Number of protein chains: 2
Amino acid sequence: MPRNRNDQTKEAKRDEIVTAASSLFVSEGYDGASMGKIAAAAGLTPNTLYWYFGDKDELFVAVADRYLDLLLEQHTTVAEQPLAEQFVWLVDSLRPVRHLVATVHARVARSPRIAEWHSSFHRQMEALFEDQLTIELSAARRNAEAAVVTFAIEGAVTHDLDADATADLCHSLAQRLAGL
Amino acid sequence: MPRNRNDQTKEAKRDEIVTAASSLFVSEGYDGASMGKIAAAAGLTPNTLYWYFGDKDELFVAVADRYLDLLLEQHTTVAEQPLAEQFVWLVDSLRPVRHLVATVHARVARSPRIAEWHSSFHRQMEALFEDQLTIELSAARRNAEAAVVTFAIEGAVTHDLDADATADLCHSLAQRLAGL
DNA sequence: CCTCCTCTTGATTGACATACAAGAGATATT
DNA sequence: AATATCTCTTGTATGTCAATCAAGAGGAGG
């Protein structure tokens, strides 16, 4: 079982790269974060990145995955609050990574990897909230309501809404679900 | 008043370029539609594009503007129909240009030109529907409802929903507005 | 005939994602 | 101990792209 040259497992090194890539993707966006910059931030040459990741999209997905895991983990801390508060929390959590959200939507047509991540993301988001819907609805209706909520939240994240407008939107969404 | 070399006004030539760029942006997306391809499609060298447009984003905005004008013009033909039908119409109209929508959101942070177009787009979309809201609401509440509708429609455009799901979503949005 | 003005092109630059082949260092095998 | 093999790293290179610049070509007006 050959270990890494520097007493470091491959996974650990991958994680380091993901950390460096993460802050660059978030601050500079997908195009602004070149493989060269990411490599420099990780103390490597650009080529080395391709040992750990097949291409830029695979690295991006690794970054997105880490954020998604973090999000799902942190959601447990607010899972008991009313839906409106959970929505506000979700928007606030995602807004710092709005560049990632926009990138996913922009590249979903070009990159199969990102397309796959995208549908997985939506699946997990729906799972987060679907059992909190106490009212009985037809499956079609349920999907429509879930889509409205999901898309409205994505919109709130990627567009410029101030705190008040965000809260209004989230409460409107929750009230809507309650009033069915 | 010196005319164009080929008996063609500058505006006319710009329009030809926008036409060529338009179909390429729609079919290949922003990254896929290189200035070289666009120039070739218009029967020009890439450099010539830069005589008519300052940069790629300016050309993109010209394309987006044309679609927006078309959309606003065609909306008059459905303006008398119930809101739900207008929403369905809007989603169906925008879905073919979903790449443009995604591009706008992805580049809004990098290009001031596109950022400006983006806010103008949302302003005009809201104007389309705001006077159809017969119920009295506070300004804040009104904005929240408008945001939900706008974002839900954008989401329906950029995500894969079949015709039934689209109709369900649009009717749900309209029903909610009616039931306030 | 000369001189602007409008448009077009060729040559070039610098950044980028990515491929390839060769190296370096540690481990495993003989 | 010598060699082979695996893991990782780097140098070099390729092709593509947006954008720039300087130089032309053609018509209009003086």
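Please read these numbers as outputs of a predicted model, since none were measured by experiment. Keep in mind that the numbers below use all heavy atoms, side chains included, and drop hydrogens, waters and symmetry copies. The sequence lines fix the lettering, A, B, ..., with proteins before strands; numbering per chain opens at 1.
The side-chain hydrogen bond (donor to acceptor under 3.5 Å, both in side chains) search around A/R110 returns none, not counting sequence neighbours. Taking the side-chain hydrogen bond (donor to acceptor under 3.5 Å, both in side chains) definition, one finds that B/S120 meets it with B/Q124, sequence neighbours left out. Scanning for salt bridge (charged side-chain N to carboxylate O under 4.0 Å, His left out) contacts around A/D168 gives an empty result, with sequence neighbours left out. In this structure B/T166 satisfies the side-chain hydrogen bond (donor to acceptor under 3.5 Å, both in side chains) test together with B/R95, sequence neighbours excluded. The ring-ring contact (aromatic ring centres under 6.0 Å, His included) search around B/Y30 returns B/F25, B/F60, not counting sequence neighbours.
Residues from residues 29-48 of chain B placing a heavy atom under 4.0 Å of any atom in DNA chain C, listed by number, are B/T45, B/N47, B/T48. Against DNA chain D, the stretch residues 53-64 of chain B makes heavy-atom approaches under 4.0 Å through B/D55, B/K56.
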Validation: residues 72-79 of chain B side-chain donor-acceptor distances under 3.5 Å, sequence neighbours left out:
residue, atom, partner, partner atom, Å
B/H75, NE2, B/Q86, OE1, 2.9
B/T76, OG1, B/E73, O, 2.7
B/T77, OG1, B/Q74, O, 2.6

Side chains of residues 97-106 of chain B: which donor-acceptor partners sit under 3.5 Å, not counting sequence neighbours?
residue, atom, partner, partner atom, Å
B/R98, NH2, B/H159, O, 3.4
B/R98, NH2, B/D160, OD1, 3.0
B/T103, OG1, B/H99, O, 2.8
B/H105, ND1, B/V101, O, 3.4
B/H105, NE2, A/H159, NE2, 3.2
B/H105, NE2, B/H118, NE2, 3.4
B/H105, NE2, B/E154, OE1, 3.2

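Screening residues 113-122 of chain A for salt bridge (Lys or Arg N to Asp or Glu O under 4.0 Å) gives A/D55-A/R113, A/E58-A/R113 as the qualifying pairs, with residues at least two apart or on separate chains. For residues 21-32 of chain B, the pairs satisfying salt bridge (Lys or Arg N to Asp or Glu O under 4.0 Å) are A/R107-B/D31, B/E28-B/K37, with sequence neighbours left out.
Each end of the helix from C/dC1-D/dG30 to C/dG23-D/dC8 gets its own rotation axis from five pairs of C1' atoms, and the angle between them is 20° to the nearest 10 degrees.
In this structure, the nucleotide among D/dA19, D/dT9, C/dT8 sitting nearest to the side chain of B/W51 is C/dT8.
Taking only side-chain nitrogens and oxygens, B/Y50 never comes nearer than 4.0 Å to OP1 or OP2 of C/dC7.
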